[in-house]
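Everything on this sheet refers to the single structure shown next.
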Amino acid sequence: MFGYVRPAADRLTQEQTDLFRSAYCGLCRTLGRRYGLPARMILNYDLAFLAILLAGGSGFSCARHRCPVHPIRGCPCGEENPALDAAADLSVILTWWQLRDGVEDHAWVSGLKYRAGARLLESAYKRAAALRPEFDQAVRCQLQLLSALEQAKDPSMDRAADSFAVLLSSAAEELTDPVRKRIMEQLLYHLGRWIYLIDGADDLKKDAESGNYNPVALRYGLTDGTWTPESRRDFATTLDHSIHQMAAAFELWDFGVWTPVLQS
């Protein structure tokens, strides 16, 4: 469900690209430092975006490091930073629960990859959950609500999307400034809603073939996973609503050096 939020590379200068890489590659190194090499495999763009939101308006202190992906020139990596630490912890918690959800949703054989991933990440999850118990509890609670909706084959796209949106907005609990926290809750809520709906749209064909729960398909009656012109327009409108709400929240805070990266 993650990996949708990334900057438009053609809109960034080289300096801005390096700034984004300081967050993305910095999160990768932070995952490895805090949770070991396997945890670096869960790196994704969405949590790098979260690290940027949590960083405030200033960039990360950087150093250039080499890695298997950048073995020669290396890449600019953000050094130890509370925002990167928080994003790494939240990444582990979100991924572990996503894997556990995959275990519950699949038969024993088809769920082997989820079982293996959860087992590999289990010790890291326990450490992260101990550090961020409130977020862990929020994720657990909202995924239980989603599971109940799935079991009931609830046709409400909004109820399902709301559960994931609330889940992601709880990441704003890391912030102490009440105004900034409220703004970030709104931005993350509508981002979570958008991610959930986009993921459901991407899975229409696959879920139609497997019979898996897909509230987007149920909302529009898409039994074969194929859009009608009317349903596509209506769905685009609800996505645009979330984007407009994110943009409205974004305009309420000064994101400093990250502004052009976030705008892209």
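Given the structure is predicted, the values throughout are model-derived calculations rather than measurements.
- Counting only distance, with no hydrogens or angles, the side chain of S147 and the backbone of Q144 share no donor-acceptor pair below 3.5 Å.
- Note that CG of L197 is 6.0 Å distant from CG of L239, once rounded to the nearest 0.5 Å.
- Taking the ring pair (Phe, Tyr, Trp, His ring centres under 6.0 Å) definition, one finds that W194 meets it with nothing, sequence neighbours left out.
- To the nearest 0.5 angstrom, E173 atom CD is 12.5 Å from M184 atom CE.
- Taking the six-membered ring for Trp and thresholds of 30 and 60 degrees, W96 and Y125 have nearly parallel ring planes, at less than 30 degrees apart.
- More than 12 heavy atoms of other shown residues, nucleotides or ligands fall within 6.0 angstrom of atom CZ in R40.
- Criterion: ILVMFWY side-chain heavy atoms under 4.5 Å apart, direct or through other members. Under it, L167 and Y189 are not part of a common hydrophobic cluster.
- Of all non-hydrogen atoms in A83 and A51, the two that sit nearest each other are CB-O, 3.6 Å.
- The CZ atom of R127 sits 13.5 Å away from the CZ atom of R132 when rounded to the nearest 0.5 Å.
- S231 places a side-chain N or O within donor-acceptor distance of the main-chain N or O of T228, the cut-off being under 3.5 Å.
- With 3.5 Å as the limit, one finds a donor-acceptor pair spanning the side chains of S210 and N212.
- Hydrophobic clustering, defined by side-chain heavy atoms of Ile, Leu, Val, Met, Phe, Trp and Tyr closer than 4.5 Å, leaves M41 isolated from every other such residue.
- Partners of Y220 according to the ring pair (Phe, Tyr, Trp, His ring centres under 6.0 Å) rule, which considers only residues two or more places apart in sequence or in another chain, are W227.
- Under the 3.5 Å distance criterion, with hydrogens and angles disregarded, no donor-acceptor pair is assigned to the side chains of Y196 and D162.
- Counting non-hydrogen atoms of neighbouring residues, nucleotides and ligands closer than 6.0 angstrom, the CD atom of E15 reaches no more than 12 such neighbours.
- At distances below 3.5 Å, not a single donor-acceptor pair connects side-chain atoms of D89 with backbone N or O atoms of A128.
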Next item on the list: Please lay out, stage by stage, how D18 and Q14 fare under the test side chain to side chain contact (heavy atoms under 4.5 Å, CB included).
Entry: CA-CA 6 Å; D18 287 344; Q14 186 58 53; 3.1 Å; yes
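- Annotation: R33, atom CZ; neighbour count of heavy atoms from other residues, nucleotides and ligands within 6.0 Å is above 12.
- Counting non-hydrogen atoms of neighbouring residues, nucleotides and ligands closer than 6.0 angstrom, the CZ atom of R21 reaches no more than 12 such neighbours.
- When all heavy atoms of L146 and S163 are compared, the closest pair comes out as CG-CB, 3.6 Å.
- With hydrophobic clusters built from ILVMFWY side chains whose heavy atoms lie under 4.5 angstrom apart, L204 shares a cluster with F235.
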- Query: So S91 and L43, side chain to side chain contact (heavy atoms under 4.5 Å, CB included) or not? Walk me through it.
  - Reply: CA-CA 8 Å; S91 295; L43 175 70; over 6 Å; no
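- With contacts defined as side-chain heavy-atom distances shorter than 4.5 Å, the pair L131/R34 qualifies.
- Here the shortest heavy-atom pairing between A48 and A23 reads O-CB, 4.4 Å.
- The hydrophobic clustering, which links ILVMFWY residues whose side-chain heavy atoms are closer than 4.5 Å, places V166 and L175 apart.
- A continuous path of hydrophobic side-chain contacts links L84 to F255 [ILVMFWY only; heavy atoms under 4.5 Å].
- For the atom pair C141 SG and D136 CG, the distance stands at 11.5 Å (nearest 0.5 Å).
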**Item:** Intermediate values then yes/no, side chain to side chain contact (heavy atoms under 4.5 Å, CB included), L187 and W253
**Value:** CA-CA 11 Å; L187 198 159; W253 193 258; over 6 Å; no
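- Between P38 and L121, the closest side-chain pair of non-hydrogen atoms is not below 4.5 Å.
- Contact of the L50 side chain with the L168 side chain is not registered, since no non-hydrogen atoms from C-beta on lie closer than 4.5 Å.
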For the pair R219 and D234, evaluate salt bridge (Lys or Arg N to Asp or Glu O under 4.0 Å) and give the outcome as yes or no after the intermediate values. CA-CA 11 Å; R219 165 63 178 82; D234 189 69; 3.4 Å; yes
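- A salt bridge does not link E209 with K206: none of the charged nitrogens is closer than 4.0 Å to a carboxylate oxygen.
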Next on the checklist: Run E174 and K181 through salt bridge (Lys or Arg N to Asp or Glu O under 4.0 Å) and show every step you take.
Outcome noted: CA-CA 8 Å; E174 298 295 322; K181 179 180 176 181; over 6 Å; no
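- Atom CZ of R64 has more than 12 heavy atoms from other residues, nucleotides or ligands within 6.0 Å.
- Between L191 and the options M246, Q186, Q245, a side-chain contact (heavy atoms from CB on, under 4.5 Å) holds for only M246.
- Y35 has its side chain out of reach of T30: every pair of non-hydrogen atoms, C-beta onward, lies at least 4.5 Å apart.
- Across every non-hydrogen atom of A86 and L54, the tightest pair is CB-CD1, 4.0 Å.
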| task | Would you sort out whether S61 and N81 count as a side chain to side chain contact (heavy atoms under 4.5 Å, CB included), showing the intermediate values? | result | CA-CA 8 Å; S61 174; N81 184 282; over 6 Å; no
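- Few gaps surround CD on E79; more than 12 heavy atoms of other groups in view lie less than 6.0 Å from it.
- Counting heavy atoms from C-beta outward, M157 and L218 have side chains that stay 4.5 Å or more apart.
- Note on L94 and V5: same hydrophobic cluster, where clusters join Ile, Leu, Val, Met, Phe, Trp and Tyr whose side-chain heavy atoms are under 4.5 Å apart, directly or indirectly.
- Neither side chain, D101 nor Y114, offers a donor N or O lying under 3.5 Å from an acceptor on the other.
- Here the straight-line distance linking atom OH of Y213 with atom NZ of K153 works out to 8.5 Å at 0.5 Å rounding.
- Taking the six-membered ring for Trp and the full ring otherwise, F60 and W258 have centroids separated by under 6.0 Å.
- The structure places OG of S22 at 11.0 Å from CG of L27, a figure rounded to the nearest 0.5 Å.
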- Kindly indicate, with the supporting measurements, whether the criterion ring-ring contact (aromatic ring centres under 6.0 Å, His included) is fulfilled by Y45 and Y24. CA-CA 7 Å; Y45 287 101; Y24 186 77; 4.8 Å; yes
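- Across all their heavy atoms, L188 and A171 have their closest contact at CD1-CB, 4.1 Å.
- Between V216 and N214, the closest side-chain pair of non-hydrogen atoms falls below 4.5 Å.
- Checking side-chain atoms of S264 against main-chain N and O of V261 turns up a donor-acceptor pair under 3.5 Å.
- The shortest distance between side-chain heavy atoms of F164 and R193 does not fall below 4.5 Å.
- Contact annotation: the side chain of L53 approaches that of L262 to within less than 4.5 Å [non-hydrogen atoms, C-beta and beyond].
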